Amino acid sequence: MQIYKHRHWHPVAHKASRPDLAQAEVLRSIVSINRDTTFGREHGFADIARAQTFRERVPVQQYEMLRPYIERQRRTGEAALTTEAPLFYAQTSGTTGTPKYVPITPASLAMHRAEQALFSYLQFRACPQAFDGMAMGIMGAAVEGHLDSGHAVGSVSGHLYASLPRFIQSRFVVPAAVSTISDYELKYQIILHLALAQPSITYIGSPNPSTFLRLLDVLNRHREVLLRALATGTSSLIPTLEPSLQPIVANRMPAMPERAARLQKLAELTYANVWPDVKLLTTWTGGSCGIALGALRNKLPTNTLVMELGYQATEVRGTIPLDAETPGGLPPLHHTFFEFVEQSAWERERPEYLTLDQLEVGVHYHVLVTTVAGLYRYFMNDLVEVTGFFQKTPLLRFLQKGKGVTSLTGEKLYEAQVINAVQCELPRCGVTPTFFVMVADEETMAYRLLVEAQTGSPDASAIGRAVNQRLGELNIEYRAKRESGRLAPLTLTWLQAGAGEAYKAAAVRAGQREGQLKPQVLQHRKDLLMHFDDFIV
């Protein structure tokens, strides 16, 4: 950690005092490295020296505009987008239904590795005790499949984990090979087999807190089988694994009859009573993930510190949180060139594009990124808010996907407003939600709130009215449309247990990565990946 501090933190902290200079240097480096690519020649990279020239020559890009270059490079080997040949491709869902394959080059992977090392140090600085014991991290597989061109498709987190020194990997509860299990129910049971054998877990981390709720659900549903395996050191699941994986799991499952007997006496198994030494949870805390986190906190040891994972996407790491208290995170200004457009200005014909040194606290911005991996002026369709500054560099907090907006009669309801209303009103009514989705129904001209909860109240009408009232306070157009009758009353419907997991499975089938799923909690009915008729109470 001291090495990480000097190698990664000190240089970034120094650059944060002059974000304009740091960003200018990053942009010059990216266009210089890739000036001889097809894209670079077409857009005059060779003599771009300033951000203004870059904007004049390169229009805002979305994935479908870059897809031809990505496809040409992976199919022919031509340096269409990047001078470096991609090591592999990271897959994420596309707006057209066709998956997006984001190139990961040697240079971009090295930057991801440096950013992860930096974040590791900042987590250590925030909670040194979390590094005393074992760590349970849930990550994607380094290789998830192959394209028709032979290139591997995988996750950046999987590659980073696989490249860690062996002595560091030995501190992780879940070996990298387990991430290759495609059956999620089987994978979670194997993870639990390994975790139960480690009483002193001090750190847990995964992008989505719902992953840890799911683990608890599996733990309690299969407690007899799991605790019997803990007592004997053997499991009937091991023969069902790939032959190469069987000894890896078996060698990490010692017989622990005393621990099994103690856990058997507990009415409910939670992180607090199974792993009471957990000191730090790192996960997404904002947006729709805050709902699952609220339910998860009740299952953690009372002294567990929760630290935001930061604004991350398949395409880029947008922020690195500095600690557990400071809202927002530091953008990696030494690796990625950032541009921003105020939310209110995005729909203008010629919006003003801003750089990091031009942002203001409290303002919401759309994000564009330029990366060494060939994403040039790439529109992320994400909204962020400036929460403060570290030296002279703004700290950013992810708010919502830009497309998380619905409008039935001109009310322009935002996902962040829905999350605020649900998080405010449902707990006040004694309800702890674990999953919800607000559905805009064009046929009835009304919103329908579907909620799965740990504890629920039968008075859905009263709670629905409370949410409706809060939305009116947050959105004056929504209130005006409701008062005028142009928008029908909001209704709330309870969902049976398992509805959220069913929707998550539908999203995975649609191409989203299970471990990094960010559920859209505000959608038009026609855009739902599944209907919830079978889950309605």
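These numbers come from the heavy atoms of this one structure, side chains and all, not from hydrogens, waters or symmetry mates. None of the values given here were measured: they were computed from a predicted structure.
The aromatic rings of Phe39 and His43 lie parallel to each other, with less than 30° between the two planes, well short of the 60° mark.
Side-chain atoms of Thr387 come within 3.5 Å of backbone N or O of Pro327 as a donor-acceptor pair. When atom types are taken as modelled, the side chain of Ser155 and the backbone of Ala141 share a donor-acceptor pair closer than 3.5 angstrom. Of the possible polar contacts, one joining the Arg482 side chain to the Leu487 backbone as a donor-acceptor pair under 3.5 Å is found. Not a single donor-acceptor pair under 3.5 Å links the side chain of Asn208 to the backbone N or O of Thr211. Using a distance-only test at 3.5 Å, with no hydrogens or angles considered, no donor-acceptor pair links the side chain of Asn475 to the main chain of Gly472. Side-chain atoms of Arg125 come within 3.5 Å of backbone atoms of Leu322 as a donor-acceptor pair (strictly under, hydrogens ignored). Looking only at distances, a side-chain donor or acceptor of Gln400 sits under 3.5 Å from a matching main-chain atom of Ala416. Within the 3.5 Å criterion, the main-chain N or O of Leu450 finds no donor-acceptor partner in the side chain of Thr493. Between the side chain of Thr283 and the main chain of Ser206, a donor-acceptor pair closer than 3.5 Å is present. Checked by atom type and distance alone, the side chain of Arg448 never pairs as donor or acceptor with a backbone atom of Val439 at under 3.5 Å.
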Take Arg221 and Asp217 through the salt bridge (charged side-chain N to carboxylate O under 4.0 Å, His left out) test and state the conclusion after the steps. CA-CA 6 Å; Arg221 280 193 291 111; Asp217 175 63; 2.9 Å; yes
Tell me, with the steps shown, if Leu395 and Phe389 meet side chain to side chain contact (heavy atoms under 4.5 Å, CB included). CA-CA 5 Å; Leu395 300 176; Phe389 286 84; 5.7 Å; no
Could you go step by step and tell me if Arg214 and Glu185 meet the salt bridge (charged side-chain N to carboxylate O under 4.0 Å, His left out) rule? CA-CA 10 Å; Arg214 175 73 183 277; Glu185 186 75 10; 3.1 Å; yes
Would you check, one step at a time, whether the test ring-ring contact (aromatic ring centres under 6.0 Å, His included) holds for Phe379 with Trp346? CA-CA 11 Å; Phe379 178 60; Trp346 179 248; 4.5 Å; yes
Output, in order, the C-alpha distance, side-chain angles, deciding distance and verdict of salt bridge (charged side-chain N to carboxylate O under 4.0 Å, His left out) for Arg428 and Glu425. CA-CA 5 Å; Arg428 185 181 297 173; Glu425 299 303 329; 3.5 Å; yes
Apply salt bridge (charged side-chain N to carboxylate O under 4.0 Å, His left out) to residues Asp441 and Arg525 and explain how you reach the verdict. CA-CA 5 Å; Asp441 192 331; Arg525 187 165 69 95; 3.2 Å; yes
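For residues 326-339, the salt bridge (Lys or Arg N to Asp or Glu O under 4.0 Å) pairs, not counting sequence neighbours, are Arg55-Glu339, Glu339-Arg377. Annotation: ring-ring contact (aromatic ring centres under 6.0 Å, His included) contacts involving residues 405-431, sequence neighbours excluded, are absent. The salt bridge (Lys or Arg N to Asp or Glu O under 4.0 Å) contacts involving residues 301-329 comprise Lys100-Glu315, where partners must be two or more places apart or lie in separate chains. Identified under the side chain to side chain donor-acceptor pair (under 3.5 Å) test for residues 527-537, with sequence neighbours left out: none.
For the side-chain hydrogen bond (donor to acceptor under 3.5 Å, both in side chains) test, no residue two or more places apart in sequence or in another chain qualifies with Tyr271. Residues passing the side-chain contact (heavy atoms from CB on, under 4.5 Å) test with Phe338, sequence neighbours excluded: Gln23, Pro331, Pro332, Thr336, Phe340, Leu356, Val367, Val369. With sequence neighbours left out, Gln123 forms a side-chain hydrogen bond (donor to acceptor under 3.5 Å, both in side chains) with Tyr203, Thr282. Contacts of Ala13 classified as side-chain contact (heavy atoms from CB on, under 4.5 Å), with partners at least two apart in sequence or in another chain: Trp9, Phe390, Gln391. In terms of the side-chain contact (heavy atoms from CB on, under 4.5 Å) criterion, residue partners of Ser29 (sequence neighbours excluded) are, by chain and number, Ile33. With sequence neighbours left out, Tyr503 forms a side-chain hydrogen bond (donor to acceptor under 3.5 Å, both in side chains) with Gln523. Legend: residues meeting side-chain hydrogen bond (donor to acceptor under 3.5 Å, both in side chains) with Tyr365, ordered by chain and number and at least two apart, are absent. For Glu483, the side-chain contact (heavy atoms from CB on, under 4.5 Å) test picks out Arg479, with sequence neighbours left out.
Using modelled atom types and a 3.5 Å distance limit, the side chains of His364 and Glu342 yield no donor-acceptor pair. Between the side chains of His335 and Glu115, a donor-acceptor pair is found at a separation under 3.5 Å.
Here the side chains of Thr393 and Leu333 are in contact, with some heavy-atom distance below 4.5 Å. Residues Tyr69 and Glu71 fail the side-chain proximity criterion, which asks for heavy atoms closer than 4.5 Å. Taking the side chain as every heavy atom from C-beta outward, Thr432 and Asn298 approach each other to under 4.5 Å. Between Trp284 and Phe398 there is no side-chain heavy-atom pair separated by less than 4.5 Å.
In this structure, Glu411 does not pair ionically with Lys481, as no charged nitrogen and carboxylate oxygen lie closer than 4.0 Å. Between Arg28 and Glu25 there is no salt bridge, since no side-chain N of the basic residue sits under 4.0 Å from a carboxylate O of the acidic one.
Taken to the nearest 0.5 Å, the OG1 atom of Thr319 stands 7.5 Å off from the CD atom of Gln312. With values rounded to the nearest 0.5 angstrom, Leu330 atom CG is found 12.5 Å from Lys15 atom NZ. Summarising the geometry, atom CG belonging to Asn420 is positioned 8.5 Å from atom CG belonging to Leu471; distances are rounded to the nearest 0.5 Å. Here the CG-OG1 distance, from Leu296 to Thr434, works out to 11.5 Å after rounding to the nearest 0.5 Å. Interatomic distance, CG of Leu383 versus CD of Glu415, reported as 10.0 Å (0.5 Å rounding). Atom CE of Met380 is separated from atom CG of Leu368 by 9.5 Å, given to the nearest 0.5 angstrom.
Shown here for Ile536 and Gln496, the closest heavy-atom pair between the two residues is O-NE2, 3.6 Å. Residues Ser210 and Lys504 share a closest heavy-atom pair of OG-NZ, 3.5 Å. Closest non-hydrogen pair, Ile191 versus Met136, comes out as CG2-SD, 4.2 Å. In terms of heavy atoms, Pro321 sits closest to Met307 at O-CE, 3.9 Å. Shown here for Tyr376 and Ile30, the closest heavy-atom pair between the two residues is CE2-CG2, 4.0 Å. Across all their heavy atoms, Ala345 and Pro351 have their closest contact at O-CB, 3.4 Å.
The number of heavy-atom neighbours closer than 6.0 Å to NE2 of His14, taken from other residues, nucleotides and ligands shown, is 12 or below.
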